[in-house]
Enquirer: 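Below: one structure in structure tokens.
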Amino acid sequence: MTAVRPAPAVPARRTTRAGTAERSEAAARPGAAAPATRLLLACLVAATPVFGFVSLAQVFTREGFDLLRHPLSMLSTGDLGWIQITNFLVSGALTIAGAVGLRRVMRGTPGGTWAPRLLLVNGVMLAVAGVFVMDPGDGFPAGTPLGQPTAMSWHAMAHMAAGSVAFTALIAACFVLGRHFSRAGRTGFAVASRVSGAALLLGNGWAMSGGRAGSLTLCVGVLVAMAWAGVAAADRLAALRRAA
């Protein structure tokens, strides 16, 4: 009698703990993996490249602009000021959309309530900063007398107020994201979140204190913190794609 050989075992599909968690999270949030949610997250990913590229392109091409003395917001003044005004409005809209997407995928997780809310405030205030324009000053636009204006217009004050709220919300969002990643056991992401928030906190503080090249430190801090919000959105976008 011939012995019956057992059929070769089919190797089981390996599932990582992270992959299981991603699928569970997606299943727990109706609509979280929908194409619309992915598009919203992609908007937040795009916000920093759009804002950074348009701003820095003008830094190197607008006559009389000096990033060591002039904040990026001053690019909204002059004949070409409409470019930076549009940049504020578009970047604000992208951030608002991204905050909505982040809320969908972070719901029920540590920081899942406040991180999207704070980014939403940041996006709204970016748009408001585009509506209310700074005053010309310190040699920009070209032909403007050197030195700071002796008086500040109402729209410049509104711009400063909107900017302060936007920066505060973005700093807080970075620290909330740090808590989110820390509770998830992702130490590297948690540290990067807090460092990004600290970069904007210190850069803005140095600029507000009148420190040398304060507009440059503020620019670096803003771009770093905005970029980290984009990284957080890209991370969730990648998780949705893996879960799908």
Side-chain angles (χ1 to χ4, degrees), residues 13-53 89-127 166-201 221-244:
R13 184 178 177 181
R14 299 181 62 185
T15 304
T16 64
R17 183 179 301 175
T20 302
E22 287 161 4
R23 282 193 289 274
S24 298
E25 288 178 8
R29 302 183 185 91
T37 302
R38 299 182 189 184
L39 179 60
L40 290 170
L41 290 172
C43 286
L44 187 55
V45 175
T48 304
V50 169
F51 184 80
F53 177 79
L89 295 174
V90 171
S91 300
L94 290 172
T95 303
I96 291 169
V100 174
L102 209 58
R103 180 178 179 274
R104 293 183 181 183
V105 297
M106 289 183 65
R107 186 178 300 152
T109 65
T113 298
W114 279 105
R117 286 181 180 177
L118 290 165
L119 288 173
L120 179 64
V121 171
N122 174 248
V124 171
M125 289 299 105
L126 272 178
F167 297 152
T168 302
L170 184 54
I171 291 167
C174 286
F175 283 103
V176 173
L177 286 171
R179 176 176 175 270
H180 168 80
F181 287 119
S182 180
R183 291 287 296 274
R186 304 179 67 181
T187 305
F189 272 57
V191 171
S193 294
R194 291 166 179 142
V195 168
S196 299
L200 178 51
L201 178 64
V222 167
L223 293 180
V224 167
M226 286 182 67
W228 183 253
V231 169
D235 177 69
R236 298 316 306 157
L237 186 57
L240 290 180
R241 287 173 177 166
R242 289 194 296 268

Enquirer: I'd like to check Leu44 versus Leu40 (side-chain heavy atoms, cut-off strictly below 4.5 Å). Are they in contact?
Expert: no

Enquirer: Once you round to the nearest 0.5 Å, how far does CG of Leu120 lie from CE of Met125?
Expert: 9.5 Å

Enquirer: Looking at every non-hydrogen atom in both residues, tell me the closest pair between Phe167 and Leu200 and how far apart they are.
Expert: O-CD2, 3.8 Å

Enquirer: Going from OG1 on Thr113 to NE2 on His180, what distance comes out if it is rounded to the nearest 0.5 angstrom?
Expert: 11.5 Å

Enquirer: Let me confirm one number: the CG-OG1 distance from Leu41 to Thr37, rounded to the nearest 0.5 Å.
Expert: 7.0 Å

Enquirer: Search all heavy atoms of Phe175 against all heavy atoms of Ala198 and return the closest pair with its distance.
Expert: CZ-N, 3.9 Å

Enquirer: Once rounded to the nearest 0.5 Å, what's the spacing between atom CZ of Arg107 and atom CG of Leu102?
Expert: 11.5 Å

Enquirer: Kindly say whether Met226 contributes a backbone atom to a donor-acceptor pair with the side chain of Thr48 at under 3.5 angstrom?
Expert: yes

Enquirer: Do Val124 and Ile96 come within less than 4.5 Å of each other through their side chains, counting heavy atoms only?
Expert: yes

Enquirer: Heavy atoms only: give me the nearest Cys43-Gly98 pair and the separation to one decimal.
Expert: CB-N, 4.3 Å

Enquirer: For the CG atom of Leu89 and the CG atom of Leu94, what is their distance to the nearest 0.5 Å?
Expert: 11.0 Å

Enquirer: Do Leu119 and Leu170 have side chains that get closer than 4.5 Å, going by heavy atoms?
Expert: yes

Enquirer: Grab the two heavy atoms, one from Pro116 and one from Gly111, that are nearest each other, plus how far apart they are.
Expert: CD-O, 3.8 Å

Enquirer: Looking at every non-hydrogen atom in both residues, tell me the closest pair between Ser193 and Trp228 and how far apart they are.
Expert: OG-NE1, 2.5 Å

Enquirer: Does the side chain of Phe189 come within less than 4.5 Å of Leu177's, by heavy atoms?
Expert: no

Enquirer: Nearest heavy-atom pair of Ala190 and Ser182: which atoms, and what distance?
Expert: CB-N, 3.6 Å

Enquirer: Under the side-chain hydrogen bond (donor to acceptor under 3.5 Å, both in side chains) rule, collect the residues that match up with Ser196, sequence neighbours excluded.
Expert: none

Enquirer: Give, for atom CG of Asp235 and atom CZ of Arg186, the distance between the pair rounded to the nearest 0.5 Å.
Expert: 4.0 Å

